[in-house]
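See below for the structure under consideration.
In the text below, chain A, chain B and the rest are named by the order of the sequence lines, each starting its count at 1. Values below: every heavy atom of this structure, side chains too, minus hydrogens, waters and symmetry copies.
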2 protein chains.
Amino acid sequence: MSRTPYLGLHVPPRDGARRVTAADIVASVQREVGAGALPAGSRLPPVRALERQLGLSKNTAQAAYDELVARGVVEARPREGVFVLAAHTLAPAGASIATAPLLAVVPPPLARMDAPAPGALALSTVFVDPDLLPADRLADCARAVLRDRMPTFYDPQGFPPLRAAIARRLRDRGLDVEPDEVIVTTGSQQSLDIVARAMSARVIALESPVYSYAKLLFQTLGHELVGLPLDPFRGLDLAAWERALAARPGLAYLIPSFQNPTGYSYTSAELRGVLALCAKYGVAILEDDWGSDMLSDGEHRPGLRMLGGKNVLYVNSFTKKLLPSLRIGFVVAPPALVPTLVGMKRLSTLGNAWLTEAIVAEFLDRGYYDTHLAQLQRALDERYTACLAALDELMPDGVTWTRPGGGPTLWLEVPERVNLGALEAHLARRGVTISNGSVAFVGDARRLHGFRVAYAFLGLEPMRVALTIVADAIRGALA
Amino acid sequence: MSRTPYLGLHVPPRDGARRVTAADIVASVQREVGAGALPAGSRLPPVRALERQLGLSKNTAQAAYDELVARGVVEARPREGVFVLAAHTLAPAGASIATAPLLAVVPPPLARMDAPAPGALALSTVFVDPDLLPADRLADCARAVLRDRMPTFYDPQGFPPLRAAIARRLRDRGLDVEPDEVIVTTGSQQSLDIVARAMSARVIALESPVYSYAKLLFQTLGHELVGLPLDPFRGLDLAAWERALAARPGLAYLIPSFQNPTGYSYTSAELRGVLALCAKYGVAILEDDWGSDMLSDGEHRPGLRMLGGKNVLYVNSFTKKLLPSLRIGFVVAPPALVPTLVGMKRLSTLGNAWLTEAIVAEFLDRGYYDTHLAQLQRALDERYTACLAALDELMPDGVTWTRPGGGPTLWLEVPERVNLGALEAHLARRGVTISNGSVAFVGDARRLHGFRVAYAFLGLEPMRVALTIVADAIRGALA
């Protein structure tokens with residue numbers, strides 16, 4: 001198909017001249033060949049290309065090539081082009097190009113964060129069963145927005161109708177948010193990324209255990225991390241939190257509803273207590289509110305932004321609730337911080353694809369989202385109830401679990417003498433995946449000895465099969 | 001529509017008990033109200049919600065609420081819910097939540113990087129005229145891929161058929177690339193981002209002047225920058241480059257074809273010379289090859305990855321050539337570096353939207369891309385020729401310009417005594433936007449005194465109008 005690529009020629013005009021002449025071309029080629037920079041067999045630019053590139057009048061390039069052929073420097077091969085004849089070959093570089101020196105900090109076991117393998121008894125995933133997600137209605141919305149011409153450009157802050165729809169939705173839920181305070185990101189992960197990379201303070205406090213990709217992100221960006229102990233059975237140890245926050249980290253990253261990985265939700269007293277501590281010690285807050293509309297009866301939970309006001313940075317996404325492959329999340333920031341955060345987003349990705357932002361805007365505008373959430377929550381309620389009943393029936397004494405009342409997961413705590421790593425490996429051989437979550441803890445020794453159990457991903461039958469296998473394995477480990 | 005949000009209750013069972021009783025609920029509510037943590041008027045969870053959340057048997061929550069009503073702690077309002085009655089109000093936090101302490105490093109004038117305003121005589125933009133881009137064929141491809149069910153998940157490294165199509169295309173052009181060596185990113189910007197944030201070395205060498213969003217990105221990530229002087233009239237000063245590279249920066253970021261902002265393309269001698277210097281001093285290379293298939297006669301240019309082998313990191317994108325709003329770019333890396341780069345991408349965005357990746361894969365699979373590039377190049381050739389002719393006719397003595405032979409821009413150099421800032425402001429008032437590019441220089445004083453002129457964005461008529469205004473303004477400044 002394509003001919004031999006040719007090597008570009010740099011042909012400067014003689015000093016002061018505006019235009020290149022045939023003599024300039026001849027001199028340039030001879031100089032480069034002489035320097036060994038045009039090896040034998042190299043193709044020179046085609047006559048038409050050279051004329052166009054250099055803005056030459058017709059025949060200038062041909063005259064130069066004729067002269068070079070006459071001098072024995074090049075040969076013209078019919079229908080192939082003009083090639084360097086001289087026996088000069090390029091001196092070998094002597095060494096090959098170095099590999100880029102990359103950090104040794106590689107995010108640990110990525111498989112854990114992957115989409116569950118089809119058919120796997122994925123018992124710890126935070127994802128929702130794909131059968132409960134509105135892929136077909138999203139495709140309808142996509143076809144609808146494609147009836148308009150695809151725009152050439154995109155809004156670096158996010159498609160304005162999507163930002164307006166998000167602000168409207170949050171206002172309906174008691175958050176005072178304007179469209180200009182919303183920055184759409186590639187999932188909520190990019191929201192965490194742009195906040196963390198824009199931080200001038202270098203210390204971030206976060207729950208322990210915590211969403212491990214937040215912890216790894218902050219670490220990789222060079223932040224020092226401080227753990228805020230969270231126990232899904234006993235709640236927040238606010239005395240320990242006060243000791244940590246009194247050291248005045250720049251930011252606290254908090255997941256107050258259906259926390260990942262524990263499934264815990266702050267009580268109202270804890271929400272108020274955390275706000276008071278952060279106000280007392282001047283600690284800014286980044287609230288990751290992914291779970292507050294995952295409450296099982298369709299109600300939603302109060303949160304830090306709702307109670308703490310505009311200075312609380314607020315992150316949410318449509319990944320779990322709508323469709324992971326859309327990659328749409330957002331951060332809400334006070335107006336003074338928006339330009340810096342948009343700037344950081346631009347340095348990282350410039351902006352999101354218009355199309356997926358337009359699809360979610362259409363989905364929200366049609367009112368599909370509330371209908372979908374209500375259906376989703378009914379389905380999750382049924383699974384939650386079945387999960388609790390199965391645990392009650394199947395689990396041996398000494399095993400305890402939380403009753404989060406919503407979200408996709410609960411926390412299952414097993415006796416200390418069960419080796420979690422061995423249990424995870426044993427279950428993997430039986431086709432059941434759990435995450436023992438050691439990567440999720442921040443700082444000091446872990447206080448919990450268990451793992452999350454998802455009731456959002458598996459149907460009732462496979463969930464019961466998986467829980468039976470887990471119960472048998474724990475019973476075996478305790479025997 | 002939605003009722004008053006309720007405040008979540010944390011109700012621990014008494015020590016050792018598996019289940020919560022009505023007495024536990026009463027005790028919890030009284031404790032929180034007593035502590036001022038449930039202010040008067042707060043709504044408690046609905047009975048059904050509380051029962052489901054706590055896994056209670058029927059009537060337990062109702063019995064607890066009845067008891068609390070009897071004690072005068074709460075009141076039940078018909079069809080509204082259960083509300084706290086006690087006169088306790090929450091102690092005010094005493095101080096409001098702090099604003100997040102963000103970096104003062106804000107990317108400078110963002111407007112410059114924005115999409116040109118409709119109707120503006122955008123004379124310096126690197127974007128291609130939207131009328132020359134295949135928005136309708138892309139929409140056809142979108143409708144085609146939407147006939148399949150939208151998948152739930154996405155591939156963090158990029159949609160495999162897209163990676164295969166990209167590798168095939170690069171192999172056809174003489175680059176030895178496997179699909180597993182391709183990482184799809186949100187535009188090429190994210191490729192630069194993940195490489196720069198994965199770098200263990202802290203010094204990056206780059207052309208001066210250079211694409212300013214690369215410079216700002218590297219700076220913001222804390223890298224030290226070293227400038228490699230580039231003059232589009234005289235080429236690379238390889239002696240100066242050797243002095244800079246001898247200090248062994250970790251990486252050289254290079255744009256060898258139609259460099260942004262100068263429009264310059266390395267000669268073959270310069271490609272070889274740069275590779276030899278980088279090999280000699282152990283400097284890794286990140287090649288930004290956005291322009292090599294923008295050559296005006298449909299040929300493509302050799303580059304650093306082609307000549308330097310697999311260790312050269314190679315970045316390209318479909319932004320300029322296909323449609324900016326798609327946000328699809330990619331980096332090709334040697335196999336040993338792929339896991340770290342994918343890990344960094346995951347920490348930043350987890351992955352791209354499936355849909356836009358599938359659209360570009362479909363577009364490539366249908367063979368639309370080569371057809372489109374050939375049409376585009378014919379249109380750009382016509383504009384390039386017209387631009388050169390207009391400059392020849394219109395520009396006063398002392399003004400010079402390059403003849404890049406392809407790409408979207410050339411460099412126009414004006415006499416030193418023309419104040420570029422004043423010229424930019426004057427032209428803005430006449431509706432013509434140029435970029436004097438001061439932000440694009442790295443390190444020492446700028447060697448160039450001019451700006452880029454785009455012939456890819458404006459049609460023949462508006463381009464001539466814009467160039468006439470520029471020529472008049474320069475003539476005025478020189479008078």
Side-chain angles (χ1 to χ4, degrees), chain A residues 5 7-8 10 32 37 49 53-55 93 95 97-103 106-107 115 130 135 139 146 150 152-154 186-187 189-190 193 198 200-201 217 235 250 265 267-269 276 279 282 284 296-297 301-302 308 311 324-325 327 340 343 347-350 353-354 356 388 403 405, chain B residues 5 7-8 10 32 37 49 52-55 93 95 97-103 106-107 115 130 135 139 146 150-154 186-187 189-190 193 198 200-201 217 235 250 265 267-269 276 279 282 284 297 302 308 311 324-325 327 340 343 347-350 353-354 356 388 403 405:
Chain A
L7 298 180
H10 177 61
E32 299 226 349
Q53 286 165 29
L54 300 174
I97 301 301
T99 310
L102 298 192
L103 288 173
V106 182
L146 285 165
M150 287 174 83
T152 308
F153 296 103
Y154 53 91
T186 306
Q189 188 72 24
Q190 190 181 34
D193 188 38
S200 59
L217 167 66
S265 297
T267 67
S268 60
S296 63
D297 70 340
R301 295 182 42 77
N311 280 354
S325 67
R327 310 297 308 117
T340 300
L347 290 181
S348 172
T349 60
L350 292 179
W354 163 83
T356 47
L388 290 181
R403 290 177 173 80
Chain B
L7 298 179
H10 176 61
E32 299 226 346
R52 199 180 298 108
Q53 285 166 29
L54 300 174
I97 301 302
T99 310
L102 299 190
L103 288 173
V106 183
L146 284 166
M150 287 175 82
T152 308
F153 296 103
Y154 52 92
T186 305
Q189 188 71 24
Q190 190 182 33
D193 188 36
S200 59
L217 167 66
S265 297
T267 66
S268 60
D297 69 341
N311 280 353
S325 66
R327 311 296 308 115
T340 299
L347 290 181
S348 172
T349 61
L350 292 179
W354 163 82
T356 46
L388 290 181
R403 291 176 173 80

Which pair of heavy atoms, one from [X] and one from [Y], lies closest together, and at what distance?
{"X": "B:Leu347", "Y": "A:Leu217", "answer": "O-CD1, 3.5 Å"}
{"X": "B:Ser325", "Y": "A:Tyr154", "answer": "CA-CD2, 3.9 Å"}
{"X": "A:Ala353", "Y": "B:Arg327", "answer": "N-CG, 3.5 Å"}

Heavy atoms only, distances under 4.5 angstrom: which of A:Thr152, A:Asp193, A:Thr186 has the most pairs with chain B? Name it, please.
A:Thr152

With respect to chain B, which residue among A:Ser268, A:Gly187, A:Gly308 yields the maximal number of heavy-atom pairs within a distance under 4.5 Å?
A:Ser268

Measure distances from B:Leu388 to the heavy atoms of chain A and classify the residue's part below 4.5 Å as side chain, backbone, both or neither.
side chain

Part of B:Thr349 within contact of chain A (heavy atom distance under 4.5 Å):
both

Taking the side chain from A:Arg403 and the backbone from B:Leu54, do they hold a donor-acceptor pair closer than 3.5 Å?
yes

